[in-house]
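Below: one structure, written as C-alpha cells.
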Amino acid sequence: MDIARSWRQQDSNLRLVGSRCRVCEALVFPQRLRCPSCGGADLADHAFQGGGTTVSVATVREAPRGFAGQVPYAAALVRLDEGPVVAAMLADVEPEEACPGMRVSMITRRIRQDGDDGPIVYGYKFAPEGSP
Amino acid sequence: MDIARSWRQQDSNLRLVGSRCRVCEALVFPQRLRCPSCGGADLADHAFQGGGTTVSVATVREAPRGFAGQVPYAAALVRLDEGPVVAAMLADVEPEEACPGMRVSMITRRIRQDGDDGPIVYGYKFAPEGSP
Amino acid sequence: MHLADIIGIGRTAAGEHWRRSLVDLCVEAGGAALDEARGTTPTAVIVGNALGGVLGDQQNLALYAASRLGLERVETHTVADDEASGGSAVRVALALLAAGLHERVLVIGAEKTTDALPDGVEAARAKGLDAVREAGFGMGPSVGAALAMRRYIDEHRVDRDLFYHLAATAHAHAALNPLAFLSWPLPEEQYRCSPVVAEPFTVCDGAPLCDGAAAVVLARPSQRASSAIRIAGSSAVSCRPGIAGLAVDLSLPAAERSAAAALSQAGLAARDVSVFELHDSSTLMAALSVEAVGLAPRGKALDFAARGGLRIGGERPALTFGGLKARGHVMGAAGVCQIAEGALQLRGEAGTNQVAGAKSALVQCLGSLGATAVTHVLA
Amino acid sequence: MHLADIIGIGRTAAGEHWRRSLVDLCVEAGGAALDEARGTTPTAVIVGNALGGVLGDQQNLALYAASRLGLERVETHTVADDEASGGSAVRVALALLAAGLHERVLVIGAEKTTDALPDGVEAARAKGLDAVREAGFGMGPSVGAALAMRRYIDEHRVDRDLFYHLAATAHAHAALNPLAFLSWPLPEEQYRCSPVVAEPFTVCDGAPLCDGAAAVVLARPSQRASSAIRIAGSSAVSCRPGIAGLAVDLSLPAAERSAAAALSQAGLAARDVSVFELHDSSTLMAALSVEAVGLAPRGKALDFAARGGLRIGGERPALTFGGLKARGHVMGAAGVCQIAEGALQLRGEAGTNQVAGAKSALVQCLGSLGATAVTHVLA
Ligand SMILES: [Zn+2]
Ligand SMILES: [Zn+2]
C-alpha cells in the first residue's frame with residue numbers, strides 16, 4: 001500500500017527537493033504548496049545541495065517497527081547550509097562517534113521496509129564530510 | 001496483534017455468550033457492561049441456545065481483506081430465538097439457496113485470518129437446521 | 001437561526017490524486033477557501049477525516065494542515081466520526097463560533113483512499129461499523145447495505161432494478177460537474193449488468209471511494225447586511241448503530257431527527273427547501289435518506305427518483321453535483337464537500353449544476369450506516 | 001470565567017486491561033461518571049482517543065461508547081489530536097456547552113495500547129509527528145525527545161542524571177495512587193541503569209504506554225450556588241510542529257500561550273495555582289512543560305524538581321497522581337484523566353495524593369511533542 005506514497009516522495013527522498021518561494025525567496029524542505037513565510041502559493045522546486053551541520057544526535061537502540069534491523073543507528077538533526085533543519089539518520093559513522101557540530105553531507109541509502117514483503121524505501125541519510 | 005483481541009472475544013465467539021440484565025431481564029448479544037434497556041450495570045453472562053431464523057441474506061462476492069478466501073459466501077442477519085439479531089455468515093448451504101425466513105442454528109467455524117501469518121479466528125456461523 | 005456565514009469555499013476534484021498526500025489535499029482545498037475569504041485570518045482549523053488513522057496516514061491532521069497553510073497559533077482539532085466526519089467538523093466549528101471562542105474558523109474535510117488497495121480500504125471502512133461483531137465477521141458497509149437492500153425489496157415489494165434511478169440521478173448531475181469522479185451518465189443497461197458485490201448489491205449500487213478535499217471558512221454572523229450564505233440550522237444526532245437495526249426497521253432515525261431539528265431551527269419544512277445534498281453512499285442509503293428527510297414516504301423513494309423528482313429541474317433537486325455516488329465518495333470530506341456545493345447553489349455559482357432560484361439547501365452527512373447523522377440547513 | 005461545572009468523574013486504573021476492549025474502557029469510565037452525576041442525562045458524548053485508528057480499533061468511537069452506555073439520540077464526536085486528544089475532547093465539550101447547544105456533556109478519554117506489540121505502538125505514535133519526514137525516517141516521540149534532551153543538556157549545561165528528579169517526583173506520587181500503573185518509588189540507581197532507548201534517553205525517561213480511560217460529566221454553569229468544581233479557563237493552541245523546532249529552541253510556545261491564556265481567563269497567575277497536572281510524556285517534555293507553564297526559568301526545571309519543588313507538599317505540586325510517567329501514559333485518555341485528577345484535588349477527594357488546601361489546578365495536555373497544547377484551569 002505504500003508504493004504510491006513512496007513514489008510521491010521520491011524527489012524529496014532522493015534529491016532533497018524542497019521549495020523556494022518566488023515571492024519572498026524563502027527556502028523550505030520538503031516541498032510545500034504554500035510558503036510558510038509569506039503564505040504565497042507561487043513556489044518552485046529547489047534541490048538542496050546536501051551539505052550541513054549536525055545540531056543534535058541520538059543513538060537509537062530501540063527502534064519503531066520498520067527500523068529494528070538497523071539498530072544501533074544515529075538519529076540526527078541536520079541544519080542544511082541553506083537553512084532548513086532536517087531530521088535524518090547518519091550513516092558511515094559509529095553512532096557513539098557522532099556528535100553535534102559535525103559537518104555532514106547527504107547520501108542515498110535504504111531507509112526502511114514497509115512490512116516483510118512491502119517495498120523498500122530509499123532516501124537521504126547524512127555521512128561525515130569526506131568519508132569514503 | 002490480534003491475539004489479545006481474539007482471546008477476549010472467545011466466549012462470545014465460540015459459545016454465543018451475551019448478557020442478561022439482572023434488573024430488567026433483558027437479553028443482549030454480545031456481552032455488555034451496561035444494560036441497553038435499563039442502563040443498569042448488574043449483568044450476568046448468558047449463553048444463547050444458537051437457534052434462530054434468517055431475517056435477511058446477501059451473497060458476498062467481493063469481500064473485505066481477511067475474507068477473500070471464502071467468497072462466495074452468504075452473509076445473513078439471524079434473529080436468535082431469544083430475540084437479539086446477529087450478523088453472521090451462513091455455512092453448509094449454497095449461497096444462492098439461502099433466503100430470508102430459514103431456520104438455522106449456530107456452529108463453530110473458521111471466521112478469518114488476520115494477515116498471512118496472523119492468528120486464525122474461530123467463531124460462530126449459522127447452518128440450516130438439520131443439516132449434517 | 002443565523003449560526004454562521006460561509007465566507008470562503010475551496011474544493012479539489014474528487015478522484016485519484018496520485019501526486020497529493022492527505023495533508024496536501026487539506027492545503028489545496030483549505031488554501032482555496034482562505035483565498036476566497038481574503039482579508040480574514042481564521043484562528044481555528046477543524047479537520048474532518050475518516051480513514052487516515054486506519055490507513056496509517058498523518059495523525060493530528062488539523063495541526064499539520066494548519067501549519068502547512070501558514071496558520072500558526074490557532075486552535076486545531078481533528079474529528080473522526082466515520083463518514084460523518086466532515087459534517088461533524090462543520091458542527092464543531094459552529095460550536096466554537098457560537099460559544100464566542102473564535103470569529104473565523106477554517107473547516108476542512110479530506111480523505112486519501114488511493115494509497116491503499118480496495119480490499120484494504122473496504123476493511124478500513126468496516127471499522128466504522130461494529131469493529132468486533134460486524135467488521136470482524138466479514139461485514140462491511142457494502143454487505144450491510146446489501147442485507148438492508150434485500151429487506152427493502154422484500155418489505156416494500158419493489159423491483160430490484162428500480163434502485164437504478166437513484167444512481168442515474170447522481171450520474172446525470174455528475175456529468176455536468178467538472179470536479180466529479182464519475183462524470184458520465186449511467187445507462188440502465190450498464191447498471192443492470194454491473195458486477196455483484198453482495199447480491200443484490202452491485203458495483204453500481206455503491207459510491208466509488210476516492211480522494212478529495214473541501215473547505216469552508218465560517219464566520220460569526222455579521223451585524224451588517226451581508227450577501228454571505230448563512231447556516232440557518234444545525235443538528236447532530238447519533239443513535240442505534242448496527243446493520244441489524246438498519247435492515248430490520250428500514251429507517252434512519254438519527255437522520256430523521258437530525259433533519260427535523262435543523263429544519264425547525266431554520267424555520268423551514270422540507271417542502272420549502274430548494275436543494276438537498278444527501279449521503280448516498282449507496283443506492284440503498286440514498287433511498288432511506290430520501291425517506292428520512294421527508295422527500296418521499298417510506299418505500300416510495302425509488303418511485304420518486306424514477307419520476308425524476310430528484311433531478312435538477314425536478315420537484316426536489318438532490319445530489320446536484322453528483323452526490324457521493326458519482327461526484328465521488330470522499331468519506332470524511334463528504335460533509336464539507338456537500339456544504340460547499342449547497343453554498344455554491346445558493347450563491348448562484350453552481351454553473352451547469354445550478355438549481356434555478358435556489359434559496360435554501362439541506363445538507364446531510366451520515367456515518368456508520370446512518371447511526372450518526374449531521375444535518376445543516378443553508379439559506 | 002465560569003465555563004462549566006464538573007458534576008461527575010469516572011476513572012479506570014491505568015495499566016494492562018486484557019479483558020477490556022477500547023469500547024469497554026469508555027463504558028467503564030463513562031458509566032462511573034454518569035453514576036456520579038446521577039439524575040442528569042447528558043445529550044452529547046465527546047470521546048478523545050489517539051491511537052484507535054492506527055491500531056485498527058473501533059472507529060466512530062463516540063457513537064459506540066454512547067450506545068453501549070444506553071445513551072441514544074445524543075450528539076457524538078470523536079476527537080483525534082494525538083496525545084492532546086483528551087484535552088481537545090474537553091475543549092469541544094466546553095464549546096458545545098458555551099454555545100448553548102447542550103446542558104450536559106459526557107467527555108471520555110480512552111486508549112487501548114496493549115492489544116498491539118510495543119514496536120508497533122511506537123510506530124503508531126510516530127504518526128502523530130510528521131508521518132512522512134519524521135515517522136518515515138525512523139523518528140518517533142522517543143527519538144524526538146532524545147534529540148531535544150541532548151540539546152537541553154548541552155545548551156543548559158546540566159548533568160544528564162538530573163532528569164531523574166522529574167521521574168522520581170512522578171513515581172513518588174504514583175506510589176500513593178492505587179490506580180497507577182508504575183505504583184512504586186523510583187530509586188536513583190534504577191534510573192541511572194535504565195536501558196537506553198535512544199542515547200541519552202532511557203526507558204526510565206519515557207512514560208509507559210498503557211490502557212486506561214477517564215470521564216467527566218460537564219454541565220453549563222448553574223445559576224444556583226454549587227459546590228461543583230468549575231472550569232475557569234480553557235485554551236487550545238497549535239503551532240510549529242517538528243522535532244527540529246523543539247530541539248533547536250528548547251521551548252514549547254503552544255504550551256506557553258495556552259497556559260497564559262487559560263490562567264488569564266481564570267484571573268490567576270501560575271504562582272496562585274495549587275496543583276499542576278502537566279504532560280510529562282518523557283522527562284524532557286516534563287522539563288519543558290514545567291518551564292512553559294512558568295514554574296521554573298528556562299533551563300532550571302531539573303534543579304527545581306531536585307529541590308522538591310514539584311512534590312506534594314512542595315512549592316508547586318505537580319503530577320500529583322503520578323503523571324504520565326508513573327500513573328501511566330494513557331495517550332488520548334491523558335487529558336481527561338488529568339482533568340479528573342485535578343477535580344479530585346479541588347474536591348478534597350484525592351486521598352493519599354491530596355494537596356492540602358488545594359483551591360485551583362492547571363491541567364495541560366500536549367500532542368505532537370508539544371505542537372498542540374490544551375490547557376484548562378479548574379477552581
Ligand atoms: Zn514566501
Ligand atoms: Zn436492564
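Quick note on labels: first sequence line is chain A, next is B, and so on, each numbered from 1. The structure presented is a predicted model; accordingly, all values stated were derived computationally and were not measured. Scope of the values below: all heavy atoms of this structure, side chains included, with no hydrogens, waters or symmetry mates.
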Greater than 12 external heavy atoms within 6.0 Å of A:Gln49's CD: no

Answer whether the closest heavy-atom distance between the side chains of D:Asp119 and A:Pro64 falls below 4.5 Å. no

If one checks every heavy atom of A:Ala75 against chain D at 4.5 Å, the contacting part turns out to be both

Taking every non-hydrogen atom, the tightest pair across A:Val55 and D:Arg151: O-CD, 3.5 Å

Check whether A:Ile111 gets within reach of chain D through its side chain, its backbone, both or neither, counting any heavy atom under 4.5 Å. side chain

For A:Arg79 and D:Val248, work out which heavy atoms get closest and say how close. NH2-CG1, 3.8 Å

Residues 132-139 of chain D, side-chain donor-acceptor partners within the protein, below 3.5 Å, at least two apart:
residue  : atom : partner  : partner atom : Å
D:Arg133 : NH1  : A:Asn13  : OD1          : 2.8
D:Arg133 : NH1  : A:Tyr124 : OH           : 3.0
D:Arg133 : NH2  : A:Asn13  : OD1          : 3.3
D:Glu134 : OE1  : D:Asp130 : N            : 3.1
D:Glu134 : OE2  : D:Ile243 : N            : 2.9

Could you pull out all residues at least two apart from D:His165 that satisfy ring-ring contact (aromatic ring centres under 6.0 Å, His included)? none

How would you list, in number order, the residues of residues 82-90 of chain A that have a heavy atom less than 4.5 Å from chain D? A:Val85, A:Ala87, A:Ala88, A:Met89

Would you check if D:Val203 and A:Glu62 make a side-chain contact, meaning some heavy-atom pair closer than 4.5 Å? yes

Can you tell me if D:Arg160 has over 12 outside heavy atoms packed within less than 6.0 Å of its CZ? yes

Rounded to the nearest 0.5 Å, what separation is found between the CZ atom of D:Arg150 and the SG atom of A:Cys99? 8.5 Å

Atom group of D:Ala126 that falls short of 4.5 Å from chain A, counting heavy atoms: neither

Of A:Pro100, A:Ala63, A:Pro95, the largest count of non-hydrogen pairs under 4.5 angstrom with chain D goes to A:Pro100

Please report the closest heavy-atom contact between A:Arg65 and D:Leu117, naming both atoms and the distance. NH2-CB, 3.6 Å

Could you check which of D:Ala244, D:Gly140, D:Gly144 has the highest count of heavy-atom pairs closer than 4.5 Å to chain A? D:Ala244

Among residues 28-39 of chain A, which residues come closer than 4.5 Å to chain D, judged by heavy atom distances? A:Phe29, A:Pro30

Contact part of A:Ala76 toward chain D, heavy-atom cut-off under 4.5 Å: side chain, backbone, both or neither? backbone

